[in-house]
*Asks:* 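Below: one structure in structure tokens.
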Amino acid sequence: QVQLVESGGGLVQPGGSLRLSCTVSGTIFGIYMAWYRQAPGKQRELVARITTGSTTNYLDSVKGRFTISRDNVKGAVYLQMDSLKPEDTAVYYCNEYPDTWTWGQGTQVTVSS
């Protein structure tokens with residue numbers, strides 16, 4: 001069973017940056033990967049997706065601020081988050097796209113002054 005481990009979250013002031021990392025216990029070759037987030041009281045939503053050819057797609061509200069990338073050799077996916085806003089506060093998860101693997105613990109991102 002694939003295991004997902006997210007890291008890199010924390011408390012940051014508005015306008016700050018964080019880089020999230022996700023390690024996958026299995027291979028990610030040939031697999032679309034994505035970052036999702038779930039804010040308190042809200043449903044989990046897709047934030048960014050990256051294809052096997054590294055084509056990327058983003059939630060409208062994060063376009064121009066977030067960048068997803070992947071390292072197939074390391075079995076890792078990253079999310080560079082810049083110009084963070086309070087509304088980005090959520091638990092962030094990675095998974096394949098569509099999400100079929102068991103979810104990991106996620107990493108908490110809190111944007112607050």
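As the structure is a prediction and not an experimental result, all values here were calculated from the model. All residue numbers refer to positions in the sequence shown, counting from 1.
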*Asks:* Quick one: which residue pairs count as a ring-ring contact (aromatic ring centres under 6.0 Å, His included) with a foot in residues 16-71, not counting sequence neighbours?
*Replies:*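 Listed by first then second residue: Y36-W103.
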*Asks:* Using side chain to side chain contact (heavy atoms under 4.5 Å, CB included) as the criterion, list what pairs up with Q38, not counting sequence neighbours.
*Replies:*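 Q38 satisfies side chain to side chain contact (heavy atoms under 4.5 Å, CB included) with R44, Y93 only.
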*Asks:* Does one hydrophobic cluster hold both V91 and V77, with members joined at side-chain heavy-atom distances below 4.5 Å?
*Replies:*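 No, no single cluster joins them.
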*Asks:* Can you list every salt bridge (charged side-chain N to carboxylate O under 4.0 Å, His left out) pair that touches residues 11-20, not counting sequence neighbours?
*Replies:*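 Sorted result for residues 11-20: empty, none.
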*Asks:* Considering residues at least two apart in sequence or located in another chain, which fulfil the side chain to side chain donor-acceptor pair (under 3.5 Å) criterion with N57?
*Replies:*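 For N57, the residues satisfying side chain to side chain donor-acceptor pair (under 3.5 Å) (neighbours in sequence not counted) are R49.
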*Asks:* Quick test of your reading: applying salt bridge (charged side-chain N to carboxylate O under 4.0 Å, His left out), list the pairs with at least one residue in residues 100-113, sequence neighbours left out, ordered by first then second residue.
*Replies:*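 Qualifying pairs: none.
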*Asks:* Please list all pairs meeting disulfide bond (SG atoms under 2.5 Å apart) that have one or both residues in residues 84-113, counting only residues at least two apart or in different chains.
*Replies:*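 Checked against disulfide bond (SG atoms under 2.5 Å apart) - neighbours excluded - the pairs reaching residues 84-113 are C22-C94.
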*Asks:* Taking all non-hydrogen atoms of both residues into account, name the closest pair between L79 and A48 and its distance.
*Replies:*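 Nearest pair, atom of L79 first, then A48: CD1-CB, 4.2 Å.
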*Asks:* Is Y92 reachable from W101 through a run of hydrophobic residues whose side-chain heavy atoms are each under 4.5 Å from the next?
*Replies:*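 Yes; tracing contacts between hydrophobic side chains, which count when under 4.5 Å, links both residues.
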*Asks:* For residues 81-88, run the donor-acceptor check on the side chains, cut-off 3.5 Å, and write out each pair with its distance to 0.1 Å, sequence neighbours left out.
*Replies:*
| unit_1 | atom_1 | unit_2 | atom_2 | d |
| --- | --- | --- | --- | --- |
| D82 | OD1 | S17 | OG | 2.7 |
| D82 | OD1 | Q80 | NE2 | 2.9 |
| D88 | OD1 | R37 | NH1 | 3.0 |
| D88 | OD1 | R65 | NH2 | 3.0 |
| D88 | OD2 | R65 | NH1 | 2.7 |
| D88 | OD2 | R65 | NH2 | 3.4 |
| D88 | OD2 | K85 | N | 2.8 |

*Asks:* Please list, chain by chain and in numerical order, all residues satisfying side chain to side chain donor-acceptor pair (under 3.5 Å) with Q1, sequence neighbours excluded.
*Replies:*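 Listed in chain order: T102.
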*Asks:* How would you list, by chain and number, every residue that makes a side chain to side chain contact (heavy atoms under 4.5 Å, CB included) with V5, sequence neighbours excluded?
*Replies:*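 Expected list: T23.
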*Asks:* Could you list the donor-acceptor pairs under 3.5 angstrom formed between side-chain atoms of residues 68-75 and any protein atom two or more places apart in sequence or on another chain?
*Replies:*
| unit_1 | atom_1 | unit_2 | atom_2 | d |
| --- | --- | --- | --- | --- |
| R70 | NE | N72 | OD1 | 2.9 |
| R70 | NH1 | I31 | O | 2.9 |
| R70 | NH1 | I50 | O | 3.4 |
| R70 | NH1 | T51 | O | 3.0 |
| R70 | NH2 | I28 | O | 2.7 |
| R70 | NH2 | I31 | O | 2.8 |
| R70 | NH2 | N72 | OD1 | 3.1 |
| D71 | OD1 | V73 | N | 3.1 |
| D71 | OD1 | K74 | N | 3.1 |

*Asks:* Mind checking whether L59 and L20 sit in one hydrophobic cluster, side chains of I, L, V, M, F, W, Y counted as touching below 4.5 Å?
*Replies:*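 Yes; tracing contacts between hydrophobic side chains, which count when under 4.5 Å, links both residues.
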*Asks:* For a quick test of your reading: what N or O donor-acceptor pairs under 3.5 Å do the side chains of residues 105-113 make, sequence neighbours left out?
*Replies:*
| unit_1 | atom_1 | unit_2 | atom_2 | d |
| --- | --- | --- | --- | --- |
| T107 | OG1 | G9 | N | 2.9 |
| Q108 | NE2 | A90 | O | 3.4 |
| Q108 | NE2 | T110 | OG1 | 3.3 |

*Asks:* Any disulfide bond (SG atoms under 2.5 Å apart) involving residues 29-77? Give me the pairs, sequence neighbours left out, ordered by first then second residue.
*Replies:*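 Qualifying pairs: none.
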